[in-house]
Amino acid sequence: MLVYGDPKWRESADALCDAITERLRAIEHQPPGLDRHSALVGVLLSAGELAQGLSDSEFESLGADETSARRENSGVLLLGLARLVAKSWSQGFSGPLALPSRVWALLQELRAPLPLSIKGAEGYAFYALYPEAYMEAARHSGLGAKTVVVGIRSIGTSLSAAVATAIGARSPVTLRPVGHPFRRTIEVGARLSRQLLKDTTADFAIADEGPGLSGSSFGGVADWLLEHGVGDDRIHFFPGHRGDPGSQASQAHRERWASRPRHVVEMDDLMLGAAPSAHRLATWVSGLVGPITEPLQDISGGAWRRALYGDHQAWPPADLRFERRKFLAHTADGAWLVKFAGLGDAGERKLANARLLAENGFTPPVAGLCHGFLVQKWLPARPMAPGEFRRADFIEHLGRYLGFRARRLSPSATGGASLGELSEMALVNTEEALGAAAASRLKERLADAPDYVRVVRPVDTDNRLHSWEWLVAGELGFIKTDALDHSAAHDLIGCQDIAWDIAAAAVEFELSKQEAADLSAAVLQESSRAVPAELQAILEICYLAFQLGLWSSAKPAAAADEVPRLEAAASRYATRLLRRLDGEGS
């Protein structure tokens, strides 16, 4: 099934350098505290994107990773910024901040009108992965300054700087795994190879998020080291979690993973439980909403359903692959939802959108952002249930909501899948789930899709209009939850034309033709965006195929009691898709 995405965007080196410079100058004037620290981490992440883009650009031209002045300078810049983050963290975000003059000089040296391809770091955006966790892991690793630190691009670029600064090592080297996702290898040029292997007694620290299904990125780097004479006993792994590689890992990689040291500090270790007070998530949240009356309540992994649904049988399905870490914070004034929104630019963008949507009555009130976690009011509300509201009232509200998004929320830099990519996804998922005959009929239905490419206008769509994503909150009316995450999720959809959300609403609420027309009219009134009916029909088919793939592919990793809900969801989309292919409801 085609479900996951690989967010990338284009950026120029000089624009990135200018943005980093501007943000550092602003940080110089910030008072000590968590906000300043969070801003420093954001700059480290941006510098990691710069270094990743520069290294990948050279890799593409040479066909291998090799030494260069740009790579060396970007590594020194990263290490300098990582030291600032480490100092801020160790001091509990207090104390003065002195930016080394070398940082400013390096930003000028790296400034050039070079087009770069930046790959999104999923861990920072989706999975509550913190560079400070790698600093803590390295600090307790027993490794020293002679260690050669290797970062696996993309996210390993900044993670390796975090490891290196914690053990006093020199600037890390980053490598780009290539090839089949389950059989990654690396290509290293002669000069860089000599640099890596110069000290025949040095340990090697390999940093990346994961491991994923195969662990082949970690494994590919370790394979290269072994092939070039590095003893197995000199290899250390710095992963993002304590788990093992997934089902696609080779036996050799499994055995090495089990035998070699893995230095891990997870988010829970870093900022929950026994963490120092200044580093605790609860302390950060208290700074926004006042004293918390009891420990944070973890409602991740579908546990949020316990807080909303009294009957376990009424629970909607939950896909744990895409769920963010989330907690409830209880105060004397009620409860607050504390949900991971992303570090750096990702979190700041969601904070701005959350405030805008809340101010216009569409989403819960916002307290603020504390180092990656967005804090919003947990309203005394109940999940939307059929028969408890007038459909015409909801359609009018939904139209205003979608029209507001179309008018006010611009697409992110990563954009979204093109109409051609959506069509390809729909064909692949349909054939895998429903067979070749159904895929052939779908191909006929999508034959006209290229004609509508020119009318598509991407915006920051909601992408999550399921009925369980809506609350009914008394005088507040209809409240949208999860309104910020899904156009910038780890799936392939991304930002789309508002017609995507209209099509999704037609599916999720089983709108009649008249109701769908009323919804489109409400969107038009709010946004002046007239959605072509033919485009909406194409996107409805693609939406059904994506949802079918999403819920079907969630089953292998799900708990046994979750599987029936996932199967029911997938069956519903399959039935609706087959009806559309047979010409019903069109």
Response to the item:
Minimal heavy-atom distance between Pro364 and Ala358, with the atoms involved, is O-CB, 3.3 Å
Practice prompt. Please lay out, stage by stage, how Phe322 and Tyr4 fare under the test ring pair (Phe, Tyr, Trp, His ring centres under 6.0 Å).
Written response: CA-CA 10 Å; Phe322 293 99; Tyr4 283 97; 5.2 Å; yes
Discussion item. How about CZ on Arg407, more than 12 heavy atoms from neighbouring residues, nucleotides or ligands closer than 6.0 Å, or not?
Written reply: yes
Worksheet entry | Qualifying residue, where the test is salt bridge (charged side-chain N to carboxylate O under 4.0 Å, His left out) with Asp485 and the options are Lys480, Arg325, Lys339 | Lys339
Worksheet item: Please walk me through it: do Asp65 and Arg176 pass salt bridge (charged side-chain N to carboxylate O under 4.0 Å, His left out)?
Response: CA-CA 7 Å; Asp65 279 307; Arg176 168 60 70 191; over 6 Å; no
Discussion item. Taking the side chain as everything from C-beta on, heavy atoms only, tell me whether Asp448 gets closer than 4.5 Å to Glu534.
Written reply: no
Worksheet item: Pro458 versus Gln496: any side-chain heavy-atom pair under 4.5 Å?
Response: no
Response to the item:
What one should report as the nearest heavy-atom pair of Phe327 and Met267 is CZ-CE, 3.9 Å
Worksheet item: Would you call Leu175 and Ile152 a side-chain contact if the rule is heavy atoms closer than 4.5 Å?
Response: no
Discussion item. If we count only N and O atoms by modelled type, under 3.5 Å, do the side chains of Ser527 and Arg408 hold a donor and an acceptor together?
Written reply: no
Worksheet entry | Any side-chain donor near an acceptor of the partner, His466 and Gln547, under 3.5 Å | yes
Worksheet item: Would you say the side-chain atoms of Ser46 and Arg23 include a donor-acceptor pair closer than 3.5 Å?
Response: yes
Discussion item. I need the Leu107 CG to Leu77 CG distance, nearest 0.5 Å.
Written reply: 5.0 Å
Worksheet entry | Of all pairs that satisfy ring pair (Phe, Tyr, Trp, His ring centres under 6.0 Å), the ones with a partner from residues 398-421, not counting sequence neighbours | Phe362-Tyr401, Phe362-Phe404, Tyr401-Trp470
Practice prompt. Check the pair Arg464, Asp462 against salt bridge (charged side-chain N to carboxylate O under 4.0 Å, His left out), reporting the backbone distance first and the verdict last.
Written response: CA-CA 5 Å; Arg464 190 77 171 179; Asp462 182 289; over 6 Å; no
Worksheet entry | Audit row: Arg565, Glu562, salt bridge (charged side-chain N to carboxylate O under 4.0 Å, His left out) steps and yes/no | CA-CA 6 Å; Arg565 287 188 283 268; Glu562 193 70 48; 3.1 Å; yes
Worksheet item: Does Leu351 reach the side chain of Val366, with side-chain heavy atoms less than 4.5 Å apart?
Response: yes
Worksheet item: Is the closest side-chain donor-acceptor distance between His371 and Tyr130 under 3.5 Å?
Response: no
Item to complete: Evaluate whether atom CD of Gln525 has more than 12 neighbouring non-hydrogen atoms of other residues, nucleotides or ligands under 6.0 angstrom away.
Response: no
Worksheet item: Looking only at side chains, do Tyr124 and Ser158 share a donor and an acceptor under 3.5 Å apart?
Response: yes
Worksheet item: With no hydrogens and no angle check, do the side chains of Ser487 and Asp460 hold a donor and an acceptor under 3.5 Å apart?
Response: yes
Worksheet item: Going by atom types alone, do Gln536 and Trp500 pair a side-chain donor with an acceptor below 3.5 Å?
Response: no
Item to complete: Begin from the C-alpha positions of Phe394 and Phe509 and carry the test ring pair (Phe, Tyr, Trp, His ring centres under 6.0 Å) through to its verdict.
Response: CA-CA 10 Å; Phe394 175 67; Phe509 294 96; 4.8 Å; yes
Discussion item. Please find the pair of heavy atoms, one from Gly399 and one from Glu526, that lie closest to each other, and give the distance.
Written reply: O-CB, 4.3 Å
Fill in: Within-4.5 Å side-chain heavy-atom neighbours: Val507 and Leu465
no
Worksheet item: Any side-chain heavy-atom pair from Arg445 and Arg580 closer than 4.5 angstrom?
Response: yes
Discussion item. Ring-plane angle category for Tyr543 and Tyr573, please: parallel below 30°, perpendicular beyond 60°, tilted otherwise.
Written reply: perpendicular
Worksheet item: Is there a side-chain contact between Arg349 and Asn353 (heavy atoms, below 4.5 Å)?
Response: yes
Discussion item. Could you measure the distance from the CG atom of Leu129 to the CG atom of Leu270? Nearest 0.5 Å is fine.
Written reply: 10.0 Å
Practice prompt. Output, in order, the C-alpha distance, side-chain angles, deciding distance and verdict of salt bridge (charged side-chain N to carboxylate O under 4.0 Å, His left out) for Asp497 and Arg529.
Written response: CA-CA 10 Å; Asp497 192 289; Arg529 170 65 169 137; 2.3 Å; yes
Discussion item. Less than 3.5 Å apart, any donor N or O on the side chain of His241 or Glu209 sitting next to an acceptor on the other?
Written reply: no
Response to the item:
In short, Pro181 meets Ser214 closest at the heavy-atom pair O-OG, 3.3 Å
Worksheet entry | Polar side chain donor-acceptor pair, Asp482 to His486, under 3.5 angstrom | yes
